[in-house]
**Student:** 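Attaching a single structure in structure tokens format; questions to follow.
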There are 2 protein chains.
Amino acid sequence: MERQEQLIAVVRDLFNKLAWLNKFKMEDSLKGHTPSEVHAIEYIGKHADSNVTKLAESFYMTRSAISKMTKKLLEKELIESYQKDGNKKEIYFRLTEQGNAVNQIHEDLHEEFRKRDQAVFEQITKEQFDGMISLMERYSRHLDAEIKQQGIDAKSE
Amino acid sequence: MERQEQLIAVVRDLFNKLAWLNKFKMEDSLKGHTPSEVHAIEYIGKHADSNVTKLAESFYMTRSAISKMTKKLLEKELIESYQKDGNKKEIYFRLTEQGNAVNQIHEDLHEEFRKRDQAVFEQITKEQFDGMISLMERYSRHLDAEIKQQGIDAKSE
DNA sequence: GCCATTTTGTTTCCTAGTCAACAAAAATTG
DNA sequence: CAATTTTTGTTGACTAGGAAACAAAATGGC
């Protein structure tokens with residue numbers, strides 16, 4: 001197999017596995033919320049003035065899907081919406097107290113995962129780490145250029 | 001942000017982007033087949049005696065989902081099923097001629113993607129490459145151990 | 001200012017995938 | 001061997017998300 005394909009295949013498999021394993025813990029601690037919902041809560045917690053469009057672009061999902069999801073989060077009172085003076089179109093989100101609580105649980109879980117996998121990451125040298133990050137970023141920019149060239153509009157975050 | 005989280009975030013974003021971009025080309029050339037179906041065709045093409053269970057384990061999907069998918073592939077006559085003497089339970093799949101054709105288109109597309117992104121990968125030295133692969137494999141084994149310890153049954157391929 | 005275009009968000013219809021319950025065959029236990 | 005347990009595959013009910021059509025607001029060109 002080409003090294004390129006090999007690397008992508010290995011990474012993909014690893015990510016599937018990681019997501020699959022973490023899902024169990026997540027479902028345990030965050031019952032009643034889908035991974036996507038939790039992900040959205042995390043995003044809204046981190047970014048001021050989040051709205052449907054920004055979430056959609058960041059998650060590579062349709063606005064349709066996000067609109068439905070945020071509706072649920074509003075009903076569950078995990079987020080609340082607000083608008084700005086002089087703009088009746090855009091609707092922004094922020095976390096409620098309950099949303100913050102969920103976000104906290106999620107962060108704690110992440111910390112747990114981090115500790116669980118720490119040993120693996122400790123073996124990486126700074127050079128290796130920086131090399132990998134810069135490769136990813138280079139690849140990402142390359143794809144951005146491709147996307148732009150294809151005339152597809154993406155605006156990845 | 002922790003380097004560990006940073007790396008995971010960057011990879012996740014990159015993969016979303018890559019999948020999203022490739023989807024357009026895929027949809028163009030392989031209209032009528034979902035990415036999952038194409039993925040299954042690829043798998044069946046590569047592995048002799050594929051069955052529902054093996055596909056499910058490899059894709060981290062439920063047997064239920066795979067069962068429905070293979071049913072569709074059978075109806076479209078892209079795959080065919082067979083059994084072995086003395087085993088009335090397990091049902092295996094192989095590609096039909098049509099399935100092979102689809103697989104070929106898919107491979108050609110992959111080749112196209114490979115060329116498109118070649119420049120990015122060319123800059124990686126052998127040491128870097130090997131280091132990354134071995135890191136992924138180490139991480140994968142670490143997760144396997146975790147999965148085993150959790151008593152979840154996985155048998156990742 | 002006014003009209004066309006773009007942006008933002010929602011809704012309806014549809015599909016892919018999960019979960020749970022199941023049947024049939026195989027494997028295990030005694 | 002018989003009885004229990006596990007494995008394999010399928011089905012039906014349900015949900016998350018995509019596609020398309022849409023309304024309302026904002027923006028841009030003139």
Side-chain angles (χ1 to χ4, degrees), chain A residues 16 19-20 23-24 26-28 30-41 44 49-76 79-93 151-155, chain B residues 16 19-24 26-28 30-41 44 49-76 79-93 151-155:
Chain A
N16 283 341
W20 187 85
K23 199 161 77 79
F24 284 91
M26 292 276 192
E27 277 167 358
D28 223 40
L30 296 164
K31 243 187 175 52
H33 315 295
T34 67
S36 272
E37 282 175 358
V38 177
H39 193 194
I41 288 171
I44 294 169
D49 296 341
S50 306
N51 61 5
V52 167
T53 299
K54 285 182 201 160
L55 281 162
E57 284 169 357
S58 164
F59 293 2
Y60 293 87
M61 283 171 58
T62 59
R63 279 175 311 176
S64 169
I66 302 290
S67 176
K68 290 168 197 166
M69 198 170 72
T70 51
K71 194 178 172 186
K72 278 193 192 166
L73 292 175
L74 285 166
E75 281 163 5
K76 293 195 209 168
I79 62 175
E80 55 192 15
S81 60
Y82 61 95
Q83 292 191 286
K84 291 187 180 179
D85 286 356
N87 188 329
K88 293 174 189 166
K89 192 168 64 160
E90 294 177 14
I91 301 169
Y92 303 98
F93 303 114
I152 313 164
D153 116 84
K155 289 181 218 146
Chain B
N16 283 341
W20 187 84
L21 172 59
N22 288 354
K23 200 161 77 78
F24 284 91
M26 292 277 192
E27 277 167 359
D28 223 39
L30 294 165
K31 245 187 173 53
H33 313 296
T34 66
S36 272
E37 281 176 358
V38 176
H39 192 193
I41 288 171
I44 293 169
D49 297 341
S50 306
N51 62 4
V52 167
T53 300
K54 285 182 201 158
L55 280 161
E57 284 169 357
S58 164
F59 292 3
Y60 294 88
M61 283 170 58
T62 60
R63 278 174 313 173
S64 171
I66 302 291
S67 176
K68 287 169 191 169
M69 198 171 73
T70 51
K71 194 179 172 185
K72 279 194 190 164
L73 291 175
L74 285 166
E75 281 163 6
K76 292 196 208 168
I79 63 175
E80 55 192 16
S81 61
Y82 62 95
Q83 294 191 287
K84 290 188 180 178
D85 286 355
N87 187 330
K88 294 173 189 166
K89 193 169 62 160
E90 295 177 13
I91 302 168
Y92 304 98
F93 303 114
I152 314 164
D153 115 85
K155 290 181 217 146

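So that the names make sense, note that chain A is the first sequence line, chain B the second, and so on, each numbered from 1.
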**Student:** Below 3.5 Å is the cut-off: list the nitrogen or oxygen pairs between protein and nucleotides 15-19 of chain C, distance only.
**Tutor:**
residue: C/dA16; atom: OP2; partner: B/K72; partner atom: NZ; Å: 2.1
residue: C/dG17; atom: OP1; partner: B/S36; partner atom: OG; Å: 2.6
residue: C/dT18; atom: OP2; partner: B/T62; partner atom: N; Å: 3.2
residue: C/dT18; atom: OP2; partner: B/T62; partner atom: OG1; Å: 2.8
residue: C/dT18; atom: O4; partner: B/K68; partner atom: NZ; Å: 2.3
residue: C/dC19; atom: N4; partner: B/S64; partner atom: OG; Å: 2.5

**Student:** Under the salt bridge (charged side-chain N to carboxylate O under 4.0 Å, His left out) definition, can you give me all pairs with a residue in residues 80-92 of chain A, not counting sequence neighbours?
**Tutor:**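 For residues 80-92 of chain A: A/D49-A/K84, A/E80-A/R94.
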**Student:** Can you see which heavy atom on A/L74 is nearest to which on A/S81, and at what distance?
**Tutor:**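 Answer, listing the atom of A/L74 first, then A/S81: CD2-N, 3.8 Å.
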**Student:** Name all residues meeting the side chain to side chain contact (heavy atoms under 4.5 Å, CB included) criterion together with A/T70; count only those two or more places apart in sequence or in a different chain, and write none if there are none.
**Tutor:**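 Residues passing side chain to side chain contact (heavy atoms under 4.5 Å, CB included) with A/T70: A/V52, A/L55, A/I66, A/I79, A/F93.
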**Student:** List the residues meeting salt bridge (Lys or Arg N to Asp or Glu O under 4.0 Å) with B/K76, not counting sequence neighbours, and say none if there are none.
**Tutor:**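 Salt bridge (Lys or Arg N to Asp or Glu O under 4.0 Å) check on B/K76 returns B/E37.
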**Student:** Of all residues at least two apart in sequence or in a different chain, which pass the side chain to side chain donor-acceptor pair (under 3.5 Å) check with B/N22?
**Tutor:**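 Result, side chain to side chain donor-acceptor pair (under 3.5 Å) vs B/N22: B/R116.
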**Student:** What is the separation between atom CG on B/N51 and atom C1' on C/dA25, rounded to the nearest whole Å?
**Tutor:**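 About 14 Å, once rounded to whole Å.
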**Student:** In whole angstrom, give the distance that lies between atom CD of B/Q83 and atom C1' of D/dT7.
**Tutor:**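 Those two atoms, CD and C1', are 14 Å apart.
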**Student:** Using five pairs at either end of the helix from C/dG1-D/dC30 to C/dG30-D/dC1, determine the angle between the two local helix axes and round it to 10 degrees.
**Tutor:**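 Answer for the end axes of this duplex: 40°.
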**Student:** Measure CG/B/L74 against P/D/dG9 and give the value in whole Å, please.
**Tutor:**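 Spelled out: CG on B/L74 to P on D/dG9 is 12 Å.
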**Student:** Is there a side-chain contact between A/H39 and A/P35 (heavy atoms, below 4.5 Å)?
**Tutor:**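 A/H39 does not reach A/P35 side chain to side chain.
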**Student:** Run the ring pair (Phe, Tyr, Trp, His ring centres under 6.0 Å) test against A/H33 and tell me which residues pass, sequence neighbours left out.
**Tutor:**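 For A/H33 there are no ring pair (Phe, Tyr, Trp, His ring centres under 6.0 Å) partners, ignoring immediate neighbours.
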**Student:** Round to the nearest Å and state the distance from A/F59 atom CZ to D/dG18 atom C1'.
**Tutor:**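 Nearest whole value for this atom pair: 17 Å.
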**Student:** Can you tell me how far apart CD1 (A/I41) and OG (A/S36) are? Round to the nearest 0.5 Å.
**Tutor:**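 It is 11.0 Å, given to the nearest 0.5 Å.
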**Student:** Tell me every residue that passes side chain to side chain contact (heavy atoms under 4.5 Å, CB included) with B/T53, counting only those two or more places apart in sequence or in another chain.
**Tutor:**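 Expected list: B/N51, B/E57, B/R63.
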**Student:** Please give, in whole Å, the distance from D/dT10 P to B/L73 CG?
**Tutor:**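 The answer, rounded to whole Å, is 12 Å.
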**Student:** Mind checking what makes ring pair (Phe, Tyr, Trp, His ring centres under 6.0 Å) contact with A/Y92, not counting sequence neighbours?
**Tutor:**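 With sequence neighbours excluded, A/Y92 shows a ring pair (Phe, Tyr, Trp, His ring centres under 6.0 Å) to A/Y82, given in chain and number order.
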**Student:** Between C/dA25 atom P and B/Y92 atom OH, what is the distance in whole Å?
**Tutor:**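 In whole Å, C/dA25 P lies 15 Å from B/Y92 OH.
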**Student:** Find the distance A/Y82:OH to C/dT8:C1' and express it as a whole number of Å.
**Tutor:**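 In whole Å, C/dT8 C1' and A/Y82 OH are 16 Å from each other.
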**Student:** When every nucleotide of nucleotides 24-29 of chain D is labelled 5' to 3' by its protein contacts under 4.0 Å (heavy atoms), B for base, S for sugar-phosphate only, - for none, what sequence of letters results?
**Tutor:** -BS---
**Student:** Write down the distance between NZ (A/K54) and P (C/dT7), rounded to a whole number of angstrom.
**Tutor:**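 It is 15 Å, rounded to the nearest whole Å.
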